[in-house]
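This report concerns only the one structure given below.
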2 protein chains.
Amino acid sequence: MDTTLFDDFLELVRELNFSRAAENRKMTQPAFSRRIKQLEAAIQTPLIQRTTRQVTLTAAGRAFQPRAEAIVRMLSEARLEALEAAGLAQRTLNLAATHALSYTFVPKWLMQVGGPSQIGALNMVSDTHRQGVRLLQNGEVSFFICHKKPNIAEDLPEKQFRFHPIGSDRLVPLCAPDESGRPLWRLGSAASQIPFIAYSSASGLHAILEAHGIGDGRRGIETKMNSVLASTNLEMAKEGQGVAFLPLSLAEQEMARGTLVRAGDPSLDVPVQLVIYRPRSRLSAHCEAFWLKVVSQDT
Amino acid sequence: MDTTLFDDFLELVRELNFSRAAENRKMTQPAFSRRIKQLEAAIQTPLIQRTTRQVTLTAAGRAFQPRAEAIVRMLSEARLEALEAAGLAQRTLNLAATHALSYTFVPKWLMQVGGPSQIGALNMVSDTHRQGVRLLQNGEVSFFICHKKPNIAEDLPEKQFRFHPIGSDRLVPLCAPDESGRPLWRLGSAASQIPFIAYSSASGLHAILEAHGIGDGRRGIETKMNSVLASTNLEMAKEGQGVAFLPLSLAEQEMARGTLVRAGDPSLDVPVQLVIYRPRSRLSAHCEAFWLKVVSQDT
DNA sequence: CTGAATTCATGCGCGTTCTGCATGAATTAT
DNA sequence: ATAATTCATGCAGAACGCGCATGAATTCAG
């Protein structure tokens, strides 16, 4: 049985669509279809319910999914472990961070934890929240730094991953000022439609704002555009396109400069945690050393 | 990458010999050799030190081994989990026991734990200690029942497996009686060579006796034959071939009948625990229910 | 010191398996 | 009713892996 069958399966679980999954796995759809069949043959039970228009997991598939994720991660870790032992020890720390944090917060924070000299080579990948989750699950990175709203449903199963708070942030409604320095719009004012600059759904901030009741459907608010990149939204807001909820960490310079001003009073702010995730399973010595530094840090 | 490459690797680790490992894996040696190379290519570092006459693990190989074991077990568990969820739930309890225990002790004990009606179908495989360890490691069985001498080095890593005591036994030196009912030989008597019926090295009892100082090299004792099967040794002893250390659980009927008698006083007995091993990782609901019964049992 | 034996690696031919392309079947949307 | 989407199947070419035969290196015996 080919180990990449697990990757195929997990991709299919994400997409619930053979054609798209096949494309993501860089295969033709027939080949992909047969590979899923092959996996099912190996497991000796169907994992997928195929009804032409609706692809769903069977009970067996649902049971199998978390195991498959664990196996994929374990495969990756086993390889890294061996490489490290071989001395080819890429002393590289692989970590993912969401776009919003990788620009400003993460670099600063890494210096606090201990300069790069102590960390060794750093391989940081900046991507969406969704991708970061995936990278961590696949074992392609050892850590993932992102925003987290307390008590929101987790994307990462508690049983396999743990997190540690490393800071806090606020999502602040901001927009460009008019000539007199006052906000172009003001949330809560019963005025006309307010153009809203949102996050697209792959973004973690999207989920957080949704959970906070600040989503598309809100009255008096019209989503004007959305982007995965908080910094793109920041630029749009600066140009007077509308109101955006932006992380304070990202926007505080602009606020100080006066190029962005509050479009609502602080009671509307959304407090969020900044956290770092890791797998519960044992990582390489190098990564564990880093984690020790992280948790001994007082934030 | 083929998952059976892990099985190949682990077999090679056990044998440290390509030819024998290839045979065990039912392949020709060249094919096996290439498969190990393929694995090393996938991991991207050599795992094996080949010096024609001496096969050893590299540092990477040593680091890789426990991971490989975990992966193999997890693969097996993932499949069983899916099957159970599919309702094909072979409500079968897969357990291994050493030959010595599977005849007499295990059946009795299972009835104590709760009759087969409560356990469901039972699939017990009786084999050597070494094989039992392997079956458990590979996830082919969920439990393994064997003898255990307290404080002896474990074959099963504490980190991945736990055990629970389920009884105790003694290894008693026994032989056939002469016409007057007295033992043909007597350990400790400074008489001539005593023929000894030993266990071959695949047996767990072999290791226990070795650890107790009752091995080949002992003065006044000449190993006459050895077998993996305690019951074979029992038969040999009954036929007057020599002295054997036999589990009380196996031999007590013969002792009561007088067909076997002590060849040494009780101070020579070797006390052993009877234990059941299980993986620390979560098993199927069915197996966990069984485990609960096991640990709640007072022995 | 020499020849036999053991053990792992390599070359070659063959069969199996997998992929991509083209196409079919089933369902949904317009 | 027709078009579009989506998964399954038939077929041909390519790639991969196995067994067999053989080679190279080391060990052991006399």
>> Going by salt bridge (charged side-chain N to carboxylate O under 4.0 Å, His left out), name the pairs with one or both residues in residues 9-22 of chain A, residues two or more places apart or in two chains.
In response: Glu11(A)-Arg14(A), Glu11(A)-Arg134(A), Glu15(A)-Arg20(A)
> Salt bridge between Arg67(B) and Glu84(A), side-chain N to carboxylate O under 4.0 Å?
Replying inline: no
>> Can you list everything that forms a salt bridge (Lys or Arg N to Asp or Glu O under 4.0 Å) with Arg282(A)? Sequence neighbours excluded, please.
In response: none
>> The criterion is side chain to side chain contact (heavy atoms under 4.5 Å, CB included); which residues satisfy it with Glu140(A), sequence neighbours excluded?
In response: Leu135(A), Asn138(A)
> Residues in ring pair (Phe, Tyr, Trp, His ring centres under 6.0 Å) with Phe6(B), at least two apart?
Replying inline: Phe64(B)
>> Measure CE/Met1(B) against P/dC16(D) and give the value in whole Å, please.
In response: 17 Å
> For Ser19(B) and dC8(C), is the shortest distance between a side-chain N/O and OP1 or OP2 below 4.0 Å?
Replying inline: yes
> What residues form a side-chain hydrogen bond (donor to acceptor under 3.5 Å, both in side chains) with Gln38(B), not counting sequence neighbours?
Replying inline: none
> Roughly how many Å is it from CZ in Arg25(B) to P in dG19(D), rounded to a whole number?
Replying inline: 12 Å
> Who pairs with His129(B) by ring pair (Phe, Tyr, Trp, His ring centres under 6.0 Å), at least two apart in sequence or on another chain?
Replying inline: Phe144(B)
> Which residues satisfy the side-chain hydrogen bond (donor to acceptor under 3.5 Å, both in side chains) test with Ser76(B), sequence neighbours excluded?
Replying inline: none
>> Whole angstroms only, please: what is the CD1-P distance between Ile36(A) and dT6(D)?
In response: 17 Å
> Rounded to the nearest Å, what distance is computed from the CD1 atom of residue Ile48(B) to the C1' atom of nucleotide dC8(C)?
Replying inline: 12 Å
Mind listing the N/O atom pairs, protein and nucleotides 14-18 of chain C, below 3.5 Å?
| from | atom 1 | to | atom 2 | distance (Å) |
| --- | --- | --- | --- | --- |
| dC18(C) | OP1 | Gln38(A) | NE2 | 3.2 |

> What integer distance in Å separates Gln54(A):CD from dA29(C):P?
Replying inline: 10 Å
> Can you check the Met27(B) CE to dA9(C) P distance for me, whole Å?
Replying inline: 14 Å
Give me the distances for all protein-to-nucleotides 10-12 of chain C N/O pairs that come in under 3.5 Å?
| from | atom 1 | to | atom 2 | distance (Å) |
| --- | --- | --- | --- | --- |
| dT10(C) | OP2 | Lys37(B) | NZ | 2.3 |
| dG11(C) | O6 | Arg34(B) | NH1 | 3.2 |

> Do Thr4(A) and Met1(B) touch side chain to side chain, with heavy atoms closer than 4.5 Å?
Replying inline: no
> Through what angle, rounded to 10 degrees, does the axis of the helix from dC1(C)-dG30(D) to dT30(C)-dA1(D) turn between its ends, using five pairs per end?
Replying inline: 20°
> Mind checking what makes ring pair (Phe, Tyr, Trp, His ring centres under 6.0 Å) contact with Phe245(A), not counting sequence neighbours?
Replying inline: none
> Does Arg50(B) have a side-chain nitrogen or oxygen under 4.0 Å from the phosphate oxygens OP1 or OP2 of dT7(C)?
Replying inline: no
> Over how many whole Å does the gap from Gln49(A) atom CD to dC7(D) atom C1' extend?
Replying inline: 14 Å
> Side-chain N or O of Asn17(A) less than 4.0 angstrom from OP1 or OP2 on dC7(D)?
Replying inline: yes
> Whole-Å distance between dC7(D) P and Phe32(A) CZ?
Replying inline: 10 Å
>> I'd like to check the salt bridge (Lys or Arg N to Asp or Glu O under 4.0 Å) partners of Asp8(A); sequence neighbours left out, ordered by chain and number.
In response: Arg25(A), Arg35(A)
